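Below is one structure, written out as structure tokens; comments come after it.
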Amino acid sequence: MPNLALTVSCVSTIGIVAAISTFLAKHECNITDSAQFDDPITGAFFTRVSFKAPDAMDMDDLRGRFNETAAQFRMDWAIHDQATKMKVAIMVSRFGHCLNDLLYRWRIGALPIDIVAVISNHTDYQELVVNHDIPFHHIKVTKENKPDAEARIMQVIEESDAELVVLARYMQILSDQMCQKMSGRIINIHHSFLPSFKGANPYKQAFERGVKLIGATAHYVTADLDEGPIIEQDTIRVTHAQSASDYVTLGRDVEAQVFARAIHAHIHHRVFQNGDKTVVFPASPGGYASERLG
């Protein structure tokens with residue numbers, strides 16, 4: 001039986017859950033996991049329902065039949081085949097901790113994605129990427145060629161059919177045009193010291209101020225740079241005994257973990273944008289299982 005997931009967002013009203021459950025039962029679908037959130041501030045309703053459909057069920061036919069229910073509540077909805085891996089393009093500069101972590105999780109199946117391209121403004125990780133049989137695209141970016149370079153980046157994204165772009169410490173600012181065109185499809189990772197410690201070497205600045213918590217934030221990219229809707233965050237404690245180099249190392253560990261969790265949530269359709277915030281549902285049972293050992 002195919003494992004499917006129905007995602008729905010709409011204006012909150014009575015009867016949504018009942019309508020969804022009734023529809024799935026009518027079509028002999030078995031609900032295996034569900035989560036919902038009713039936002040009393042925005043008046044929006046969000047739900048994600050995992051279910052198994054009969055083997056003979058045609059996906060397009062099921063979607064067509066759900067249109068009537070969706071129209072009744074004016075739903076923004078989709079039915080996803082959970083066996084289908086999302087196509088992802090990774091962008092990286094010279095810090096490789098997030099890239100290496102993603103490649104490892106991808107290799108063991110802990111992050112079930114299809115990496116269709118790695119794009120970089122440097123060649124530091126070309127050999128690493130090519131050795132994983134992944135297309136590597138070196139696109140140098142300067143002040144003079146930035147519009148042309150970004151056009152080439154968009155060409156790679158479009159030609160590879162990438163559904164998601166992840167900025168694995170890609171140290172170039174994307175244009176407003178690209179952010180708008182790829183809205184909800186670009187995830188960035190950075191330290192959580194903003195807005196306190198901006199610019200170069202934020203960990204050194206944090207060390208000099210005696211910071212006791214190091215953190216990381218993963219968010220959707222918007223034209224407001226590092227202020228897009230937050231998907232995932234975490235922290236780790238440090239003490240007076242740690243050096244500035246310790247801060248960097250510990251911070252990179254947190255960044256890699258937070259980044260992977262944010263991507264995991266997105267590719268499993270667990271993230272819903274709710275204005276300037278997000279609703280992130282827990283993973284379904286078995287959602288973190290790896291396909292093989294490392």
Side-chain angles (χ1 to χ4, degrees), residues 1-88 109-114 161-164 166 182-187 218 220 229-232 261-275 277-289 291:
M1 299 177 74
N3 289 309
L4 308 176
L6 168 66
T7 55
V8 170
S9 61
C10 60
V11 175
S12 178
T13 189
I14 296 172
I16 301 172
V17 174
I20 292 172
S21 301
T22 300
F23 173 84
L24 293 176
K26 179 181 177 182
H27 292 86
E28 300 180 349
C29 297
N30 181 43
I31 295 175
T32 57
D33 179 65
S34 67
Q36 65 187 67
F37 175 66
D38 197 320
D39 191 335
I41 297 176
T42 64
F45 174 83
F46 307 90
T47 188
R48 179 185 182 278
V49 181
S50 295
F51 63 96
K52 289 183 179 292
D55 291 332
M57 177 66 70
D58 180 81
M59 286 280 291
D60 291 334
D61 182 52
L62 184 65
R63 292 186 178 105
R65 294 186 184 193
F66 190 71
N67 269 320
E68 183 178 347
T69 301
Q72 180 184 351
F73 295 96
R74 297 182 180 179
M75 296 176 178
D76 182 4
W77 65 280
I79 294 178
H80 311 275
D81 184 346
Q82 299 194 75
T84 301
K85 295 181 178 180
M86 187 174 292
K87 294 183 177 180
V88 177
L111 200 58
I113 57 178
D114 181 10
D161 294 323
E163 303 163 83
L164 175 69
V166 297
M182 298 289 294
S183 178
R185 295 171 55 201
I186 306 178
I187 297 176
Y220 288 116
I230 294 170
I231 305 169
E232 180 64 62
R261 292 204 297 264
I263 295 169
H264 187 279
H266 180 92
I267 65 172
H268 286 93
H269 312 288
R270 297 192 282 113
V271 186
F272 297 76
Q273 291 200 46
N274 185 20
K277 302 188 294 183
T278 60
V279 172
V280 184
F281 289 128
S284 298
Y288 289 113
E291 294 176 355

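Bear in mind the structure is a predicted one, so any value in this text is a computation, not a measurement. Positions are given from 1 along the sequence.
If you take CG on Asp76 and CD on Gln273, they are separated by 11.0 Å, rounding to the nearest 0.5 Å. Atom CZ in Arg65 sits 12.0 Å away from atom CG in Asp60 (nearest 0.5 Å). Of the inter-residue distances, the one linking Phe272 atom CZ with Phe37 atom CZ reads 12.0 Å to the nearest 0.5 angstrom. Separation of atoms NZ (Lys85) and CD1 (Ile267) is listed at 9.5 Å; rounding is to 0.5 Å. Note: Leu111 CG to Ile263 CD1 = 6.0 Å, rounded to the nearest 0.5 Å. Distance check, rounded to the nearest 0.5 Å: SG of Cys29 to CE of Met57 gives 4.5 Å.
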**Message:** Walk me through whether Arg63 and Trp77 qualify under side chain to side chain contact (heavy atoms under 4.5 Å, CB included).
**Reply:** CA-CA 10 Å; Arg63 292 186 178 105; Trp77 65 280; 4.0 Å; yes
**Request:** Check step by step if ring-ring contact (aromatic ring centres under 6.0 Å, His included) holds for His27 and Phe66.
**Result:** CA-CA 10 Å; His27 292 86; Phe66 190 71; 9.2 Å; no
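Residues Met59 and Ile79 meet the side-chain proximity criterion, which asks for heavy atoms closer than 4.5 Å. Side-chain contact between Pro285 and Asp33 is present, with at least one heavy-atom pair separated by less than 4.5 Å. Under the 4.5 Å side-chain criterion, counting only non-hydrogen atoms from C-beta, Phe281 is not in contact with His269.
A side-chain contact (heavy atoms from CB on, under 4.5 Å) with Pro112 holds for exactly one of Met86, His268, Gln82; it is His268.
Thr278 approaches Pro229 most closely through the heavy-atom pair CG2-CB, 3.6 Å. Closest heavy-atom contact between Thr47 and Gln36: OG1-CB, 3.8 Å. Across all their heavy atoms, Pro282 and Arg270 have their closest contact at O-CD, 3.3 Å. Pro2 and Pro54 make their closest contact through CD-O, 3.8 Å (heavy atoms, listed as atom of the first residue, atom of the second, distance).
A salt bridge does not link Lys26 to Glu68: none of the charged nitrogens lies less than 4.0 Å from a carboxylate oxygen.
Evaluation of the side chain to side chain donor-acceptor pair (under 3.5 Å) rule for Lys277 yields no partner, not counting sequence neighbours.
Checked by atom type, the side-chain pair Tyr220/His266 shows a donor-acceptor distance below 3.5 Å.
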Just list the side-chain donor-acceptor pairs under 3.5 Å for residues 3-25, sequence neighbours left out, or say none.
| residue | atom | partner | partner atom | Å |
| --- | --- | --- | --- | --- |
| Asn3 | OD1 | Lys52 | NZ | 2.6 |
| Thr7 | OG1 | His80 | NE2 | 3.1 |
| Ser12 | OG | Asp38 | OD1 | 3.1 |
| Ser12 | OG | Asp38 | OD2 | 2.6 |
| Ser21 | OG | Val17 | O | 3.0 |
| Thr22 | OG1 | Ala18 | O | 2.7 |

